[in-house]
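Structure first, commentary second.
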Amino acid sequence: MFKKAVEAKAQQRLSGADRKKLKRTIRDRFLRASDTDIDALLPPKAEITVSKFQNRVHVYGVEGGFPLFFDVDGRGSEIYPTVFALWKLPEMLPYFMLKGGEVSRFVIGGADLMFPGISVAAEGLPLFSAGEPWAVKVPGNPAPIAVGSTTMSSAEALKAGLRGKALRIMHFYHLCRESVEGHYVPNSGFLEDVVLEDPSFLASNQPSDSSEGATCESDVQQSCVNNENTEGSIDVNGAISDACAASMQNDSENAAKEITTDASDLKSTANVDAAKLDIELSSLSIEDVDSHLDRCLLQALHTTVKDKDLPMPGSTLWSNHVLPCRPSGITLDIKKSSHKKLSKWLQAKSSTGLITVKEDKYKKEAMLISVNRGHPEYLQFKPEKRPVEKVVQAGDSAASESRSQKALEVVEVYKSSVHVNPIFASVGADTGKLYSASEATDIVFKYIEKENLVKQTNKATVVLDATLCDALFKGAIKKGSTYPTEIHKKDLGATFINRMQAHHMVTRGGESVVRKGVLKTVQIVTERRQGNKKVTKVSGLETFLIDPEALASELQKKFACSTTVAELP
């Protein structure tokens with residue numbers, strides 16, 4: 001787990017007062033993060049731990065989870081989010097956009113960010129002061145790859161001709177030969193060469209490099225595979241990383257010349273190379289690209305864009321809704337259209353009356369406010385039905401069946417409570433049934449639609465009537481405080497779910513169990529015994545229907561060590 005042995009001087013759980021102080025410090029330092037965002041990172045009912053190191057650095061995180069914040073001097077004045085935290089909340093910090101993979105190669109190698117490597121927008125360099133926390137992103141991916149502190153103000157940078165060091169990197173995303181890791185940079189005063197990794201976490205959260213063509217598997221026993229034998233994809237959700245350190249050093253020049261399309265739109269397979277993609281893009285005329293964009297937008301508005309999700313950032317609309325609706329074999333690039341920019345395209349569609357778009361004055365990004373579902377263009381369009389292809393070969397049926405029997409599935413479900421029972425009764429929903437988070441959210445939005453509670457002057461806001469206000473806030477507001485009269489749509493779902501009873505369903509093969517409460521993670525602890533001997537303790541396996549005896553026998557063979565099973569006190 002570590003490149004060098006590093007042990008914390010002390011590790012402890014935060015008290016209630018210290019938790020509030022930490023959240024207050026985070027709220028004051030990171031103005032872009034709302035209370036809901038902070039609660040999503042540091043849940044109110046979760047245990048928060050702090051690890052204190054010899055160099056005065058404090059590392060904060062949820063017990064059993066990844067580090068989320070670190071305090072450089074231990075006094076609360078220089079607190080930064082880790083890359084792990086920014087993967088969950090990419091908009092917590094303002095960010096510098098890199099010019100491409102040639103620059104990101106140095107950043108993920110641990111180098112500080114220089115001004116010549118920053119892509120400056122047409123409107124000019126954003127305003128910032130010295131010592132501010134900023135993130136670093138690559139084109140086409142909202143997941144930051146590094147976080148650091150500005151070395152000078154924007155005015156000083158312009159006087160210097162945009163030369164010199166822009167950002168002192170504190171924590172960065174690192175591509176290695178056998179795994180993907182988060183490094184804390186030694187020159188930041190943080191942990192000396194510390195590496196934190198978890199293959200299962202990284203497989204679903206790692207960002208993707210914008211210009212490289214090899215892949216790093218999440219399994220630490222896998223090595224990097226050349227892009228000729230690897231099938232992967234690069235998208236704005238950062239689900240798969242198609243780069244590794246070895247391939248970046250050997251093939252960076254070839255990759256930079258071959259891959260010319262935007263990283264958010266690139267789909268690389270074993271049979272499709274960059275040259276073919278260039279031919280495909282050049283074969284589409286500007287009119288063809290505009291036509292595909294319009295059809296993809298209408299398909300998305302019919303199928304995946306729901307009114308309850310509005311307002312929605314333009315980048316989210318593009319990456320999560322428009323791009324997945326493009327026809328098979330077609331690569332869309334907004335720069336190849338007549339509009340050239342996503343914001344101009346959305347404004348053009350807004351001028352036709354199909355959608356309503358406004359610019360967020362804080363994020364400087366186009367926001368989709370509403371959809372005119374009575375527009376002639378919307379009514380005339382017939383969405384395509386895309387069936388899921390199921391191809392099962394006869395020889396693989398037995399293997400797939402055996403894999404499905406062993407597959408582990410964990411689902412968080414929720415049950416109605418006394419707080420929200422009136423909402424369920426009003427829409428005729430069963431109060432004894434278990435619901436997923438999306439199903440529970442649909443119920444509260446059905447109630448809002450039934451009672452017509454959407455604010456007419458601001459479609460993103462819901463007016464609270466007595467029933468909904470009690471369901472969301474009764475008992476949660478301190479005595480003497482006034483109850484809120486309205487709530488934003490994006491906060492409504494999470495607030496409603498928090499008032500329900502949390503359950504979790506674990507299924508392994510034919511065995512399934514539903515338990516009340518939040519899912520508890522597997523705990524792995526290492527202790528010293530008799531000098532330099534160590535023992536690793538693993539607990540909490542029964543939650544996932546794992547037989548400790550069977551696992552102990554398997555680990556004994558796997559690691560050639562002795563294992564024992566004992567009852568917890």
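Hydrogens, waters and symmetry mates are skipped; everything else that's a heavy atom, side chains included, is used. Because the structure is a prediction, the values reported are computed rather than measured.
Interatomic distance, Leu519 CG to His504 NE2, rounded to the nearest 0.5 Å: 5.0 Å. A distance of 8.0 Å separates CG of Leu310 from CD1 of Ile369, quoted to the nearest 0.5 Å. Rounding to the nearest 0.5 Å places CD1 of Ile169 at 5.5 Å from CG of Leu113. Taken to the nearest 0.5 Å, the NZ atom of Lys489 stands 9.0 Å off from the CG atom of Asp309. One finds the CE atom of Met92 at 9.5 Å from the OG atom of Ser34 (value rounded to the nearest 0.5 Å). Here CG of Leu317 is found 7.5 Å from CG of Leu342. Values are rounded to the nearest 0.5 Å.
Qualifying side chain to side chain contact (heavy atoms under 4.5 Å, CB included) partners for Met152, counting only residues two or more places apart in sequence or in other chains: Phe115, Glu156, Ala157. Under the rule for a side chain to side chain contact (heavy atoms under 4.5 Å, CB included), the partners of Gln456 that lie at least two apart in sequence or sit in another chain are Asn452, Lys459. Glu132 meets the side chain to side chain contact (heavy atoms under 4.5 Å, CB included) test with Phe128, Ser129, Trp134, Thr150; sequence neighbours excluded. In terms of the salt bridge (charged side-chain N to carboxylate O under 4.0 Å, His left out) criterion, Lys344 has no residue partners (sequence neighbours excluded). Applying the side chain to side chain contact (heavy atoms under 4.5 Å, CB included) criterion to Leu298, with sequence neighbours excluded, gives Leu354, Glu377, Phe381.
We find that Lys349 and Asp294 are joined by a salt bridge, their nearest charged nitrogen and carboxylate oxygen being less than 4.0 Å apart.
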Would Asp307 and Arg373 count as a side chain to side chain contact (heavy atoms under 4.5 Å, CB included) if you check the C-alpha gap in whole Å, the side-chain angles of each, and the deciding distance to 0.1 Å? CA-CA 10 Å; Asp307 289 338; Arg373 303 192 185 276; 3.2 Å; yes
Yes or no on side chain to side chain contact (heavy atoms under 4.5 Å, CB included) for Leu42 and Phe69, after CA distance, side-chain angles and deciding distance? CA-CA 10 Å; Leu42 304 173; Phe69 296 91; 4.3 Å; yes
With side chain to side chain contact (heavy atoms under 4.5 Å, CB included) as the test, would you mind laying out the steps for Ser149 and Met170 before giving the verdict? CA-CA 7 Å; Ser149 173; Met170 298 288 188; 4.1 Å; yes
Ser291 and Asp288: side-chain hydrogen bond (donor to acceptor under 3.5 Å, both in side chains), yes or no, with the steps? CA-CA 5 Å; Ser291 177; Asp288 292 336; over 6 Å; no
Verdict with reasoning, Ile487 to Leu468, per side chain to side chain contact (heavy atoms under 4.5 Å, CB included): CA-CA 10 Å; Ile487 187 173; Leu468 185 57; 5.7 Å; no
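A 4.5 Å side-chain heavy-atom check between Ser104 and Ile145 finds at least one atom pair inside the cut-off. No side-chain heavy atom of Asn458 sits under 4.5 Å from any side-chain heavy atom of Glu486. Inter-residue side-chain proximity for Ile334 and Trp318 is flagged as met; some heavy-atom pair is nearer than 4.5 Å. Residues Ser337 and Trp345 are not in side-chain contact: their nearest non-hydrogen atoms beyond the backbone lie 4.5 Å or more apart. Counting heavy atoms from C-beta on, the side chains of Val107 and Leu167 never come closer than 4.5 Å. Leu162 has its side chain out of reach of Ile118: every pair of non-hydrogen atoms, C-beta onward, lies at least 4.5 Å apart. Residues Met97 and Lys137 are in side-chain contact: their nearest non-hydrogen atoms beyond the backbone lie under 4.5 Å apart. Within the 4.5 Å cutoff, side-chain heavy atoms of Leu492 are placed close to those of Phe445.
The local environment of CG in Leu127 is sparse, with at most 12 non-hydrogen atoms from other residues, nucleotides or ligands closer than 6.0 Å. Counting heavy-atom neighbours within 6.0 Å of Lys358 NZ, excluding the residue itself, gives a total of 12 or less.
Remark: the backbone N or O of Glu287 is not paired with any side-chain donor or acceptor of Asp290 at under 3.5 angstrom. Judged purely by atom type and a 3.5 angstrom limit, Ser350 has no side-chain atom pairing as donor or acceptor with the backbone of Leu346. At distances below 3.5 Å, at least one donor-acceptor pair connects side-chain atoms of Lys99 with backbone N or O atoms of Pro116. Listed for the Lys306 side chain is a donor-acceptor partner under 3.5 Å among the backbone atoms of Thr303. For Thr151 (side chain) and Lys165 (main-chain N/O), a donor-acceptor pair under 3.5 Å exists by modelled atom type.
Minimum interatomic distance between Met367 and Pro313 (heavy atoms only, all atoms of both residues): SD-CA, 3.5 Å. Taking each heavy atom of Val357 and Leu368 in turn, the nearest pair found is CG2-CD1, 4.5 Å. For the pair Val444 and Ile423, the tightest heavy-atom approach, listed with the atom from each and the gap, is CA-CG2, 4.3 Å. Here the shortest heavy-atom pairing between Glu384 and Gln299 reads N-OE1, 2.9 Å. Of all heavy-atom pairs spanning Pro144 and Val83, the tightest one is O-CG1, 3.7 Å. Across all their heavy atoms, Tyr435 and Ala440 have their closest contact at CB-N, 4.2 Å.
Asn498 and Thr495 share no side-chain donor-acceptor pair at under 3.5 Å. Of the N and O atoms on the side chains of His171 and Thr82, not one donor lies less than 3.5 Å from an acceptor on the other residue.
Here salt bridge (Lys or Arg N to Asp or Glu O under 4.0 Å) pairs that include residues 438-453, with residues two or more places apart or in two chains, are Lys308-Asp442.
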